[in-house]
A.B. asks: 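Can you keep this structure in mind? I'll have questions shortly.
To find a chain, count down the sequence lines: A is the first, B the second, and so on, and within it residues start at 1.
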Amino acid sequence: MQLRTFPGGVHPHDEKHFSASAPITIAPLPAKVTIHLSQHIGAPSTPVVKVGDEVSKGQLIAEASGFVSLNQHASISGKVTAIDRFPHPCGTSSLAIQITGDGKDEWVDLVDEESFMELPVNEMKERIAAAGICGMGGAGFPTHVKLSPPADKPIDTVILNGVECEPFLTSDYRLMMEHAEDIIKGLKLIMKIVNAKKGVIGIEANKPDAIRLMEKLLKSESNLEVVGLKLRYPQGAEKQLIYAATKRKVPAGGLPMAVGVVVQNVGTAFAVYEAIRYKKPLIERIISITGEGIKKAQNLKARIGTSFAELVELCGGTSMTVGKIISGGPMMGFALPGLEAGMGKGSSGLVLLGEKAARSMEEHNCLRCARCVDVCPMNLLPSTIAAAVKYKNLDMAVKAGLNDCMKCGSCAYVCPAQIRLVQWIDTGKIRYAEAQKEGK
Amino acid sequence: MGFLGQLFVMAISAILVQNFVLSRFLGLCPYLGVSKKLDSAFGMGMAVIFVMTLASAFCYLIFQYLLVPYGLEYLQTLAFILTIAALVQFVEMVIQKNSPALYKSLGVYLPLITTNCAVLGVAILNITPLADGSRYNFIWSVLNGFLSGVGFTFVLLAMAGIRERLELVDMPKSMRGMPSGLILAGIMALAFYGFMGMKI
Amino acid sequence: MIVSIIIPLAASASSTILIPVVILGVMGLVFGLVLAFAAKVFEVKLDPRVEQIIASLPGANCGACGQAGCAGYADAIVNSDAAINLCAPGGPASVEAIAKIMGKSAVASEKKVAVIHCSSGGTNNTKWKYAYQGVESCKSAVNIADGPNMCHWGCVGFNDCQAVCVFDAISVDEHGMRHIDKEKCTACGACVKACPRKLILLVPENRNVVINCSSKAKLPVAKQLCGTELPCIGCGLCGRKCPVQAITVENNLARIDYAKCIDCGLCFTVCPTKAITDAKAGMRKKAEIVAENCIGCTICAKICPTKAINGELKQVHTVDKEACIGCEQCVAKCPKKAIKLV
Amino acid sequence: MKDKYIVSSAPHVHDKTNVSMVMWNVVLALTPALAFAVYFWGIRSLTLTLLGAVSAVVTEALIQKMRKVPVTVNDGSAFLTGMLLSYNINPGAPWWMPIMGSVFAIAVGKQVFGGLGNNPVNPALLGRAFLLASWPSLMTSGWLKPKTGNLSGLNDLDAIASNLQSLSPKAYDLVTGATPLKVVQTLRDSSFVASINADAGEGIDLANRIFTNITEMASLKNLFWGNVGGCIGEVSAFALLLGAAYLLYKNIIEWRIPLFYIGTVFVLTFLFGPIQGSGYSMMLPFFHIFSGGLMLGAFFMATDYTTSPLTKNGRIIYAIGCGVLTVVIRLVGGYPEGVSYSILFMNVMTPLIDKFSAPKAFGRMK
Amino acid sequence: MSFISELTKGIIKENPIFVIVLGMCPTLATSTSVSNALGMGMAATFVLVCSNIFISLIKNVTPDKIRIPVYVVVIAAFVSIVDMSMAAYLPALHKSLGLFIPLIVVNCIILGRAEAFANKNNVINSIADGIGMGLGFTLALTVVATIREVLGNGTWLNIKVMPSTYDPMLITLLAPGAFITLGFLMALMNMIKEKK
């Protein structure tokens with residue numbers, strides 16, 4: 001098979017061996033969950049329960065506060081014990097609803113529609129919106145929004161993102177191995193919703209069995225295709241994946257729909273399938289608990305809001321002195337100050353690094369070696385942006401591509417001077433936003 | 001050697017070998033002053049080319065048809081500076097009125113040029129006898145003025161490029177500004193030494 | 001044309017002095033006329049301040065300021081906020097002149113100084129949440145997991161404020177704490193903008209009472225978070241005690257309205273967490289009425305925030321030393337200078 | 001803070017390369033050339049190289065101490081600069097030459113601008129240009145003869161020389177006392193050709209004979225192995241290619257600059273290299289790419305990270321510029337060799353090249 | 001300000017080259033030897049003093065609009081005098097200074113002093129200012145020239161000062177050496193200023 005890819009990018013050690021062979025295990029019921037009102041891009045949800053209310057599993061506890069927003073559901077049945085600031089899986093703290101479980105685990109209502117494929121498109125969209133599904137690869141864009149492109153932007157291709165280019169993470173891989181058929185059904189549903197002719201599943205070459213499995217299942221489908229992709233980070237980034245799979249270039253600042261493409265994570269496709277067929281809200285997901293610091297790396301199917309500490313215990317606890325806890329993958333994930341936070345809808349993994357691996361070196365002077373320029377998948381000048389931000393020259397930073405950066409971290413990964421390019425660029429983006437606000 | 005050949009030699013000489021700034025030490029004030037940003041360096045450079053060409057033409061005419069006939073060569077300095085000052089001011093006013101955009105990018109540099117010794121320098125050099133005792137004629141004077149201006153602009157741009165880059169590094173405090181500018185000029189002069197002794 | 005005028009002249013006066021004088025004179029005349037004519041035809045209106053600044057600059061057009069000549073520099077000062085001290089040939093004299101010209105448009109106001117409203121942020125008085133590794137700038141650090149210190153309203157301690165201060169007014173001591181030199185501070189507001197936690201506020205100079213905290217946390221949490229354990233807990237005691245209602249509590253945080261504040265320091269005495277500091281604490285004097293000067297106008301009695309002055313109209317007043325807080329309001333208001341401080 | 005977890009911005013994993021690894025690898029890649037130099041000229045070349053490298057390190061350490069900034073001589077960049085500078089010095093030069101050059105290179109070329117990564121031009125080349133401008137005669141004469149060969153690398157020198165001694169002492173001095181590039185430069189000079197003999201035709205004929213001889217296969221072999229006169233580190237094209245291959249394999253240098261640089265020189269010398277009376281020869285470009293400092297310059301100096309353009313297109317422009325200037329200086333300039341000056345000149349142009357070859361962001365239209 | 005302080009300020013405190021940073025071109029071009037530097041310094045001083053006197057005399061009768069052209073003409077006149085008298089009495093020096101004698105006209109120091117000082121002060125103070133600035137210029141020029149001549153030629157005012165084994169560092173006599181020498185001197189000035 002011919003492997004495709006995109007220009008730029010890096011090749012970190014994939015480190016998937018920790019958890020790749022661990023089958024999905026269903027985590028036991030947590031005693032307590034904290035469900036954040038902001039697990040997605042867009043306006044935070046508005047709570048519809050009060051402290052003291054009894055809730056059932058799957059019950060709506062916070063509703064979308066606009067079009068680009070999300071419903072949140074109780075992931076266990078029990079009692080609402082607090083609505084307050086709790087640690088968020090991205091390291092900050094924000095408003096969340098805490099539910100203390102009663103152990104009953106009662107569903108609020110669930111159906112099984114055999115003829116789910118024949119439902120009207122609007123009904124499908126409504127079910128997705130009602131289920132509170134957002135992109136499960138990490139960014140967390142509400143799925144019902146993504147699946148409602150304006151009429152003047154026809155979609156011809158749906159790409160399922162099974163790339164999982166982040167090192168360590170294996171949750172999508174396990175999902176593909178164990179629920180391949182459901183994912184394909186999800187893909188077909190998405191294609192129906194956006195009226196696309198073609199469906200593509202992109203998988204990186206380090207998951208050959210997943211590629212084989214998908215190919216076997218799609219043999220009879222003429223409009224569905226598996227695309228094998230070369231091992232390269234950040235292949236899973238939307239624009240890079242689209243380029244690798246279709247050779248189309250999404251204009252800078254534009255959305256995939258500009259080139260007639262919708263990209264969805266395989267996990268999202270699975271959730272879409274469950275939501276449309278069973279009306280099942282998004283209350284659980286697969287998360288990889290992995291890294292050298294964990295005793296027994298696993299892929300857990302856990303309820304949204306389960307605290308990381310509990311998940312780590314389920315995996316036998318830590319095996320060494322942990323230096324760094326990363327929510328998400330090590331390239332773009334967030335380092336956490338502790339394990340108190342509860343997992344969110346976008347939590348694809350938790351990586352525990354040992355002390356030695358966690359320590360990073362001092363920043364040195366920029367050598368201008370241009371490695372960052374060579375690897376930048378967006379074709380920018382990361383070293384120039386970072387230096388311009390450092391010396392408060394915002395104009396120059398913007399000219400060098402400040403606003404086109406997607407913070408994939410490839411530049412900082414290769415920098416021999418250990419310059420924290422991503423953080424500088426991030427700072428620059430904040431400064432830029434401030435300057436824009438001031439200018440207005 | 002034909003006209004084009006001679007022109008080429010003159011261009012190479014004015015830009016690389018006998019650069020106004022790096023080997024003749026002319027026009028250093030704007031070279032060190034207006035080389036902090038590439039944009040303004042470009043505007044300055046264009047203005048210098050423009051004025052040097054015009055000044056070469058006017059000063060040559062004044063010298064040839066006003067001073068020489070009366071044997072007043074000794075008045076050259078006075079006559080030239082008067083001509084240049086008036087010329088620059090006139091051009092500035094015209095541009096300011098007629099093309100505000102051009103004025104913003106080019107015209108604002110004009111007053112700075114009056115006191116740029118490169119302009120007076122080229123005017124005087126144009127009427128100074130060459131090694132073989134002859135003098136440039138009108139056409140060659142104008143071309144010399146133009147090419148010398150190009151040479152000035154060329155190193156000014158290179159300098160501005162480097163200094164813009166140096167804005168983004170931690171230079172020792174005592175080196176910032178003029179000292180590093182001078183040392184950079186020295187380094188550039190050294191880099192231009194490769195063209196010494198070129199035989200074309 | 002010029003030549004045709006000169007030739008007959010030259011022929012008639014064969015003097016060696018006359019010819020050069022005439023030539024130069026004619027040249028000057030012609031150039032002058034052309035320029036005078038051009039100045040009329042091509043006249044462009046400028047911002048009067050630009051012209052004033054041009055006039056006050058040396059006009060050497062040396063370019064040392066980095067601008068294109070003196071006119072360019074004047075334009076840059078007026079229109080693009082260039083610093084006013086870049087003219088080397090002009091020296092201090094031109095700086096003063098420019099400051100005067102540019103100052104005309106600024107509204108004269110009470111001098112303010114920057115004050116950091118946090119008691120924490122040093123190397124040994126901050127509680128850390130995690131071991132931060134990264135860019136040593138407050139602006140960068142606060143974006144990662146809410147900042148490295150426990151209190152996410154408090155000072156991060158990477159001295160962004162010091163870095164932006166062009167007047168060297170902010171210094172850092174050996175414990176990593178920042179101090180603002182009131183003499184050097186010009187209230188330019190650069191540090192106010194630089195602080196990502198918005199801890200720095202401009203306060204009128206010579207005020208001694210400051211609420212040294214910006215935490216919006218509630219009572220037990222606030223103390224746990226604060227590195228110095230001197231947080232404002234929003235109890236409101238200071239607000240109730242304030243004789244002029246200058247303190248308001250909002251989101252568990254008290255703030256002084258310096259337009260109302262009389263700098264009496266009463267709030268400092270009641271603050272249970274010592275979040276309010278008073279540089280003049282214990283140094284305030286009490287008012288005393290000089291009997292021979294007092295005309296009994298009752299102005300002081302009316303102005304006294306604590307009603308410490310008593311006295312009938314046209315009678316000599318007395319001060320209740322117990323009640324006097326030394327705010328000096330009466331001293332300023334007394335028409336006869338009959339009140340002194342002891 | 002021992003009990004706290006480390007928190008930093010993403011990414012949380014890092015490639016293993018770092019600055020000092022890069023620098024010491026380049027030093028390693030340069031050692032074969034030194035081994036050849038020691039073989040041809042004896043231990044003297046090693047001593048000079050070490051003098052240069054050590055004085056560079058000492059200068060850097062002293063200046064950093066004075067500036068009260070961390071001393072970073074361990075990263076190997078100063079050592080590398082000193083080493084490269086010494087490589088550009090005649091093995092017969094006095095002992096203080098590499099020291100003076102290194103001190104100037106580090107102090108003026110690097111530390112003035114704040115150290116590693118800030119220098120606008122390659123400090124080693126600046127040091128060399130400084131030495132050449134300060135002591136031109138010491139830098140361009142007194143070449144040492146390689147142990148097994150002669151200065152000009154002529155294969156059958158004895159045969160040609162015996163003939164020449166009587167015919168033209170000037171030409172004899174040339175082929176026995178000059179480096180290959182100097183020989184070629186002199187042969188290009190019409191006044192020299194005329195001076196060989198009153199009969200111009202004979203002079204041209206003679207010049208041609210020497211010219212073809214010096215560019216023929218057997219002489220090229222001398223050039224390739226380094227069996228000719230020249231600077232310490234530049235003579236053996238073979239040893240330098242060995243080191244370059246290592247750097248390319250290690251991904252420390254990128255192929256664009258050396259390829260386009262050498263390629264440009266190859267093409268241009270093929271087109272414009274022949275002297276009056278000699279025809280085009282496929283050997284001539286090889287002569288030019290193996291002689292002088294081209295290999296050293298193209299692989300080790302033009303590729304210097306700090307002073308070469310950031311973008312791939314920029315690097316190509318830069319390399320072609322280096323090539324063109326090298327050929328121009330070699331063919332019509334005042335110096336026999338133009339590698340160091342052309343790289344210096346293009347270093348100066350680098351910011352401009354960067355400015356005008358800035359990449360277009362992925363998906364951005366212009 | 002008194003006459004004395006006007007006289008001395010130009011030498012160190014407001015040194016035209018090291019502090020105000022004006023007149024770079026002649027500084028670099030004519031500092032190849034101490035004798036050249038002294039010659040240039042004297043010539044510039046003369047022009048500076050004369051133009052200062054003249055301008056402070058006519059300051060009240062010159063209309064503001066044309067004051068710069070007037071000053072330029074005044075300065076040019078004095079420069080021409082220097083140029084011609086130097087050609088007559090010191091032909092060797094005149095030859096080695098060459099173009100830079102007429103270029104005194106556009107030396108920013110002179111016009112700058114005319115504008116910044118003579119235009120606003122009386123004749124006596126203007127003379128003091130002119131002498132002071134001129135001496136400061138000469139002094140700075142001599143310092144640069146001393147370094148360059150000693151290192152580049154082994155001599156000072158044509159007297160041999162370096163041991164005969166000294167191999168002169170030719171670069172200091174050339175353009176790059178001029179730039180770098182002055183650059184380092186300026187950095188030194190900055191360092192001293194910082195220390196204060």
A.B. asks: Given a strict heavy-atom distance threshold of 4.5 Å, which part of Leu38(B) is in contact with chain D: side chain, backbone, both, or neither?
C.D. replies: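 Side chain only.
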
A.B. asks: Show me the donor-acceptor pairs under 3.5 Å between chain B and chain D.
C.D. replies:
{"residue": "Glu164(B)", "atom": "OE1", "partner": "Lys355(D)", "partner atom": "NZ", "Å": "2.8"}
{"residue": "Arg165(B)", "atom": "NH2", "partner": "Asn119(D)", "partner atom": "O", "Å": "3.3"}
{"residue": "Arg165(B)", "atom": "NH2", "partner": "Thr306(D)", "partner atom": "O", "Å": "3.4"}
{"residue": "Met196(B)", "atom": "O", "partner": "Gly334(D)", "partner atom": "N", "Å": "3.3"}
{"residue": "Gly197(B)", "atom": "O", "partner": "Gly334(D)", "partner atom": "N", "Å": "3.3"}
{"residue": "Lys199(B)", "atom": "N", "partner": "Val332(D)", "partner atom": "O", "Å": "2.8"}

A.B. asks: Leu168(B), Val17(B), Leu184(B): which one forms the most heavy-atom pairs within less than 4.5 Å of chain D?
C.D. replies: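 Ranked by heavy-atom pairs under 4.5 Å with chain D, first place is Leu184(B).
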
A.B. asks: Contact between Leu125(B) and Phe20(B) at the side-chain level, heavy atoms closer than 4.5 Å - yes or no?
C.D. replies: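 A side-chain contact exists here, since the closest heavy-atom pair is under 4.5 Å.
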
A.B. asks: Please tell me if the side chains of Phe113(D) and Val169(B) come closer than 4.5 Å, counting only heavy atoms from C-beta onward.
C.D. replies: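 The answer is no, as the side chains (C-beta and beyond) never meet within the 4.5 Å cut-off.
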
A.B. asks: Kindly compute the distance separating CG (Leu147(B)) from CD1 (Ile12(B)), expressed to the nearest 0.5 Å.
C.D. replies: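 Taking CG in Leu147(B) and CD1 in Ile12(B), the distance rounds to 10.0 Å.
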
A.B. asks: Non-hydrogen atoms of chain B under 4.5 Å away: do they reach the side chain of Ile353(D), the backbone, both or neither?
C.D. replies: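 Contact with chain B involves no heavy atom of Ile353(D) at all.
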
A.B. asks: Looking only at heavy atoms, which of residues 134-143 of chain B get nearer than 4.5 Å to chain D?
C.D. replies: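 Contacts with chain D: none.
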
A.B. asks: Which bit of Leu157(B) comes within less than 4.5 Å of chain D, counting heavy atoms only: side chain, backbone, both or neither?
C.D. replies: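 Contact with chain D: backbone and side chain both.
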
A.B. asks: Could you measure the distance from the CG atom of Leu78(B) to the CD atom of Gln76(B)? Nearest 0.5 Å is fine.
C.D. replies: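 The distance works out to 10.0 Å.
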
A.B. asks: Do Phe58(B) and Phe80(B) make the cut of ring centroids closer than 6.0 angstrom?
C.D. replies: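 Here the rings of Phe80(B) and Phe58(B) have centres that are no less than 6.0 Å from each other.
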
A.B. asks: Taking C-beta and beyond as the side chain, do Phe300(D) and Met295(D) meet within less than 4.5 Å on heavy atoms?
C.D. replies: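 Side-chain contact under 4.5 Å: no.
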
A.B. asks: Starting at CZ of Phe154(B), measure out to CE of Met159(B) and round the result to the nearest 0.5 Å.
C.D. replies: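 Interatomic distance, Phe154(B) CZ to Met159(B) CE, rounded to 0.5 Å: 14.0 Å.
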
A.B. asks: Quick one: CG on Leu84(D) to CE on Met301(D), what's the gap to the nearest 0.5 Å?
C.D. replies: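 With rounding to 0.5 Å, CG (Leu84(D)) is 6.0 Å from CE (Met301(D)).
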
A.B. asks: Would you say that Phe356(D) contacts Ile317(D) through its side chain, given a criterion of any heavy-atom pair below 4.5 Å between the two side chains?
C.D. replies: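 Sidechains of Ile317(D) and Phe356(D): no contact.
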
A.B. asks: Contact part of Ala133(D) toward chain B, heavy-atom cut-off under 4.5 Å: side chain, backbone, both or neither?
C.D. replies: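 Just the side chain, heavy atoms under 4.5 Å.
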
A.B. asks: With a 4.5 angstrom heavy-atom cut-off, could you sort out which part of Val348(D) is near chain B: side chain, backbone, both or neither?
C.D. replies: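 When you check distances to chain B, atoms from both the backbone and side chain of Val348(D) fall under 4.5 Å.
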
A.B. asks: Please report the shortest heavy-atom distance between Gly27(B) and Cys117(B), naming the atom on each side.
C.D. replies: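 For Gly27(B) and Cys117(B), the tightest heavy-atom pair comes out as N-SG, 3.4 Å.
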
A.B. asks: Is the closest side-chain heavy-atom distance between Leu174(D) and Leu187(D) below 4.5 Å?
C.D. replies: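 Counting from C-beta outward, Leu174(D) and Leu187(D) do come under 4.5 Å.
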
A.B. asks: Measuring heavy-atom distances to chain D, does Met175(B) have an atom under 4.5 Å in its side chain, in its backbone, in both, or in neither?
C.D. replies: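 Contact with chain D: side chain only.
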
A.B. asks: Quick one: are Val150(B) and Phe146(B) in side-chain contact, heavy atoms under 4.5 Å?
C.D. replies: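 Answer yes - side chains close enough.
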
A.B. asks: Does the ring center of Phe104(D) lie less than 6.0 Å from the ring center of Phe130(D)?
C.D. replies: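 Under 6.0 Å, so yes.
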
